Trainee: 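Once you've had a glance at the structure underneath, I'll fire off some questions.
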Amino acid sequence: MQPPDTAPATPEELLARSYRIAGLSLGELAELAHVAIPENLQRHKGWSGMLIEKWLGATAGSKPQQDFPELGVELKTIPIDGNFTPLETTYVCYAPLISKPGTTWQTSNVRNKLQQVLWVPLEGDRAIPLAQRRVATAFFWQPDAREDAILQKDWEELTEMIVLGEVEKITARLGQALHIRPKAASGNVLTDAFDADGQKIKTRPRGFYLRTSFTGAVLHRHFT
DNA sequence: TGATGATCATAA
DNA sequence: TTATGATCATCA
C-alpha cells in the first residue's frame, strides 16, 4: 500500500481512501510513504496533518481555499482522547484584518471552508508515542442549521469588531463556537489593521479557530 | 487542568 | 508576507 499520486475524483473516493488508513498508526503510514517520523510534535506541529493529506491525495501547498476544491471538501485532522473528545482547538483560516467590502457570512472564507469537512480524528494523547498513534474512522460533516447559525453569529460579531477597528479588543474568550487567536511564527510578526479612528496600525496576525466544545459535539454526534 | 495566547515548520 | 498544516506552554 502506498499514498495516491492523484486527487480523488469524487467524495466517495476520498472517503474510501480515508477508510483504507483507518486503524493504522502514524508510524506505519509514515514508513509506507517514506516520510521521516519526528520524535514529537514540538517542532513539527503540522506533521500529522501533512501526512494525512498525502494519504488522501490533497495537493500540498498553502492556498486560502479548500483542500479539495473540485469536491468542495476541506480536510481536518483532529487530535482526540480515548473518549473521542478533542484535545485541541481547530484552526479554520486566517482572519482578514483589512476586510473586503461586501463580505458576508455567506461569502466568508470561514463558511466556505466549513461547508463540507472531512474530519479525520487521530489519537492525540501525548502519552502515546507519535508513531503509535492511530487514525480513527473519518467522516463527512456539514453544519446543520443550528450549527451554522452559531457560527454565523460568532463570525459576524468578530468581523464587526474588526471593521470597527477594535482588533486589539478581541480576545479568545469571545465567540461561542468560533473565536480568534494569534496566528504567527512568533510575537514579533506584524501585519496591517485599522484602529477605531481609521488609522493604520500594526498588530499580530490572527486566525479563526473552532472551540473544542463545538468540535467535540460534532464528533460525539457521529461516534455514539 | 483547561483555555488562551504564543509558537514551530513549510510553501510560494 | 500571507497562508497552510497545527500543537505548545503558561497561567488563571
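Quick caveat: nothing in here was measured; it's all calculated off a predicted structure.
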Trainee: Rounded off to whole Å, could you give me the CG-to-C1' distance for the A/Leu56 and C/dG5 pair?
Mentor: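 Whole-Å distance recorded here is 14 Å.
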Trainee: Residues two or more places apart in sequence or in another chain: which of them pass ring-ring contact (aromatic ring centres under 6.0 Å, His included) with A/His220?
Mentor: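 ring-ring contact (aromatic ring centres under 6.0 Å, His included) check on A/His220 returns nothing, list empty.
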Trainee: Whole angstroms only, please: what is the OH-P distance between A/Tyr209 and B/dT7?
Mentor: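 Atom OH in A/Tyr209 sits about 12 Å away from atom P in B/dT7.
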Trainee: Using a 6.0 Å distance limit plus a 45 degree cone around the ring axis, check whether A/Lys183 lies over the aromatic ring of A/Tyr91.
Mentor: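 Yes, cation above the ring, under 6.0 Å and within 45°.
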Trainee: Would you kindly say whether A/Thr89 and A/Arg181 are connected by a side-chain donor-acceptor distance under 3.5 Å?
Mentor: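 Yes, side-chain donor-acceptor contact under 3.5 Å.
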Trainee: Have a look at A/Glu123 and tell me which of A/Arg134, A/Arg133, A/Gln132 forms a side-chain hydrogen bond (donor to acceptor under 3.5 Å, both in side chains) with it.
Mentor: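 So, applying the side-chain hydrogen bond (donor to acceptor under 3.5 Å, both in side chains) to A/Glu123 and each of A/Arg134, A/Arg133, A/Gln132, only A/Arg134 qualifies.
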Trainee: Looking at residues 16-36 of chain A, who's got a heavy atom less than 4.0 Å off DNA chain B?
Mentor: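 Listed by number, there are none.
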Trainee: Tell me the bend of the helix from B/dT1-C/dA12 to B/dA12-C/dT1 as the angle between end helix axes, each from five pairs, rounded to the nearest 10 degrees.
Mentor: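 Terminal axis comparison yields 20°.
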Trainee: Counting only non-hydrogen atoms, which of residues 173-187 of chain A are less than 4.0 Å from DNA chain B?
Mentor: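 Listed by number, they are A/Arg173, A/His179, A/Arg181, A/Pro182, A/Lys183, A/Ala184, A/Ala185, A/Ser186, A/Gly187.
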Trainee: Strictly below 4.0 Å, heavy-atom distances to any atom of DNA chain C: list the hits from residues 97-126 of chain A, or just say none.
Mentor: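 By residue number: A/Lys113, A/Arg126.
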Trainee: Quick check on C/dT2: is either OP1 or OP2 less than 4.0 Å from any side-chain nitrogen or oxygen of A/Thr191?
Mentor: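 For A/Thr191, the contact criterion (side-chain N or O under 4.0 Å from OP1 or OP2 of C/dT2) is met.
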Trainee: Just wondering, more than 12 heavy atoms not from A/Glu70 lying within 6.0 Å of its CD?
Mentor: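 Counting neighbours around CD of A/Glu70, more than 12 heavy atoms of other residues, nucleotides or ligands fall under 6.0 Å, so yes.
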Trainee: Quick one: side-chain hydrogen bond (donor to acceptor under 3.5 Å, both in side chains) partners of A/Gln66, sequence neighbours excluded?
Mentor: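 Testing A/Gln66 for side-chain hydrogen bond (donor to acceptor under 3.5 Å, both in side chains), a comparison that skips the adjacent residues, returns none.
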Trainee: Taking only heavy atoms on the protein side, list every residue of residues 71-86 of chain A lying under 4.0 Å from any atom of DNA chain C, sorted numerically.
Mentor: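 Per residue number, the list reads A/Glu74, A/Lys76, A/Thr77, A/Pro79.
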Trainee: For A/Ser48, answer base if it contacts any base atom (sugar-phosphate contacts may also be present), sugar-phosphate if it contacts only those atoms, and nothing otherwise; contact means non-hydrogen atoms under 4.0 Å.
Mentor: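 Result for A/Ser48 = nothing.
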Trainee: For A/Leu130 and C/dA6, give me the distance from atom CG to atom C1', rounded to whole Å.
Mentor: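 Distance, rounded to whole Å: 13 Å.
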Trainee: Within less than 4.0 Å of OP1 or OP2 of B/dG5, is there a side-chain N or O belonging to A/Thr171?
Mentor: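 So the side-chain polar atoms of A/Thr171 do come within 4.0 Å of the phosphate oxygens OP1 or OP2 of B/dG5, strictly under.
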Trainee: Verify, without hydrogens or angle tests, whether A/Arg204 (side chain) and A/Gly187 (backbone) share a donor-acceptor contact under 3.5 angstrom.
Mentor: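 Here the side-chain-to-backbone pair does not exist.
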Trainee: Take the protein atom CZ of A/Phe208 and the nucleotide atom P of C/dA6, then report the distance between them rounded to whole Å.
Mentor: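 About 18 Å, once rounded to whole Å.
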Trainee: Side-chain N or O of A/Arg211 less than 4.0 angstrom from OP1 or OP2 on B/dT4?
Mentor: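 Yes, because at least one side-chain N or O of A/Arg211 sits under 4.0 Å from OP1 or OP2 of B/dT4.
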Trainee: If only atom types and distance count, is the side chain of A/Thr103 paired as donor or acceptor with the main-chain N or O of A/Lys100 below 3.5 Å?
Mentor: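 A pair under 3.5 Å: yes.
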Trainee: Look at all strands and tell whether A/Gly46 reaches a base, only sugar-phosphate, or nothing, counting heavy atoms closer than 4.0 Å.
Mentor: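 Contact class for A/Gly46: base.
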Trainee: Just jot down the side-chain hydrogen bond (donor to acceptor under 3.5 Å, both in side chains) partners of A/Glu74, sequence neighbours excluded, or say none.
Mentor: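 For A/Glu74, the residues satisfying side-chain hydrogen bond (donor to acceptor under 3.5 Å, both in side chains) (neighbours in sequence not counted) are A/Lys76.
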Trainee: Can you establish whether the number of heavy atoms outside A/Glu156 located under 6.0 Å from its atom CD is more than 12?
Mentor: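 Yes - once you tally the heavy atoms of other residues, nucleotides and ligands closer than 6.0 Å, there are more than 12.
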Trainee: Is A/Gln106 atom CD crowded by more than 12 heavy atoms from other residues, nucleotides or ligands, each under 6.0 Å away?
Mentor: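 Yes, the 6.0 Å shell around CD holds more than 12 heavy atoms from other groups.
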Trainee: Quick one about A/Thr212 and A/Glu88 (side-chain donor to acceptor, distance below 3.5 Å, no hydrogens or angles considered), yes or no?
Mentor: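 No, A/Thr212 and A/Glu88 have no side-chain donor paired with an acceptor closer than 3.5 Å.
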Trainee: From NZ of A/Lys169 over to P of B/dT4, roughly how many Å is that when rounded to an integer?
Mentor: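 To the nearest whole Å, that distance equals 19 Å.
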Trainee: With sequence neighbours left out, write down each residue that passes side-chain contact (heavy atoms from CB on, under 4.5 Å) with A/Ser99, or none if nothing qualifies.
Mentor: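 A/Ser99 satisfies side-chain contact (heavy atoms from CB on, under 4.5 Å) with A/Val163 once adjacent residues are dropped.
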Trainee: Between A/Glu160 and A/Trp155, is a side-chain hydrogen bond (donor to acceptor under 3.5 Å, both in side chains) present by the stated rule, with each step listed?
Mentor: CA-CA 8 Å; A/Glu160 176 76 349; A/Trp155 181 88; over 6 Å; no
Trainee: So, OP1 or OP2 of B/dA3: does either fall under 4.0 Å of a side-chain N or O from A/Thr212?
Mentor: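 A/Thr212 to B/dA3 OP1/OP2: side-chain N or O found under 4.0 Å.
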Trainee: Toward the 5' end of DNA chain B, which comes first, A/His44 or A/Ala172, by nearest nucleotide?
Mentor: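 Nearer the 5' end of the strand: A/Ala172.
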Trainee: Has the side chain of A/Gln42 got a donor or acceptor that lies under 3.5 Å from a partner of the other kind on the base of B/dC8?
Mentor: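 Such a pair does not exist between side chain and base.
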Trainee: When you measure only distances, ignoring hydrogens and angles, does the side chain of A/Tyr91 come within 3.5 Å of the base of C/dA3 through a donor and an acceptor?
Mentor: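 Per atom types, no contact qualifies.
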Trainee: Both A/Cys93 and A/Arg133 contact DNA chain C. Which one's nearest nucleotide lies toward the 5' end?
Mentor: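 Nearest-nucleotide comparison on DNA chain C picks A/Cys93.
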Trainee: Between atom CD in A/Glu88 and atom C1' in C/dG5, what is the gap in whole Å?
Mentor: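 In whole Å, C/dG5 C1' and A/Glu88 CD are 13 Å from each other.
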Trainee: Judged by atom type as modelled, is there a donor-acceptor pair below 3.5 Å linking the side chain of A/Thr171 to the main-chain atoms of A/Leu174?
Mentor: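 No; judged by distance alone, with no hydrogens or angles, the pair does not exist.
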Trainee: Would you mind reading off the distance between A/Lys45 atom NZ and B/dT10 atom P, rounded to a whole angstrom?
Mentor: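 The distance from NZ of A/Lys45 to P of B/dT10 comes to 13 Å, rounded to the nearest Å.
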Trainee: Quick one: list whatever passes ring-ring contact (aromatic ring centres under 6.0 Å, His included) with A/Phe223, sequence neighbours left out.
Mentor: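 Result, ring-ring contact (aromatic ring centres under 6.0 Å, His included) vs A/Phe223: A/Phe84, A/Phe139.
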Trainee: Got a sec, which pairs hit ring-ring contact (aromatic ring centres under 6.0 Å, His included) with one end in residues 31-51 of chain A, sequence neighbours left out?
Mentor: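 As it turns out, there is no ring-ring contact (aromatic ring centres under 6.0 Å, His included) pair with a partner in residues 31-51 of chain A once direct neighbours are skipped.
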Trainee: Name all residues meeting the ring-ring contact (aromatic ring centres under 6.0 Å, His included) criterion together with A/Phe194; count only those two or more places apart in sequence or in a different chain, and write none if there are none.
Mentor: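 Counting only residues at least two positions away or on another chain, A/Phe194 forms no ring-ring contact (aromatic ring centres under 6.0 Å, His included).
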Trainee: Nearest to the A/Asp67 side chain among C/dC8, C/dG5, B/dA3, which nucleotide is it?
Mentor: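 Given the options C/dC8, C/dG5, B/dA3, the side chain of A/Asp67 is closest to C/dG5.
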Trainee: Would you kindly give the CG-to-P distance between A/Leu87 and B/dT1, to the nearest whole Å?
Mentor: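 Rounded to whole Å, this separation is 14 Å.
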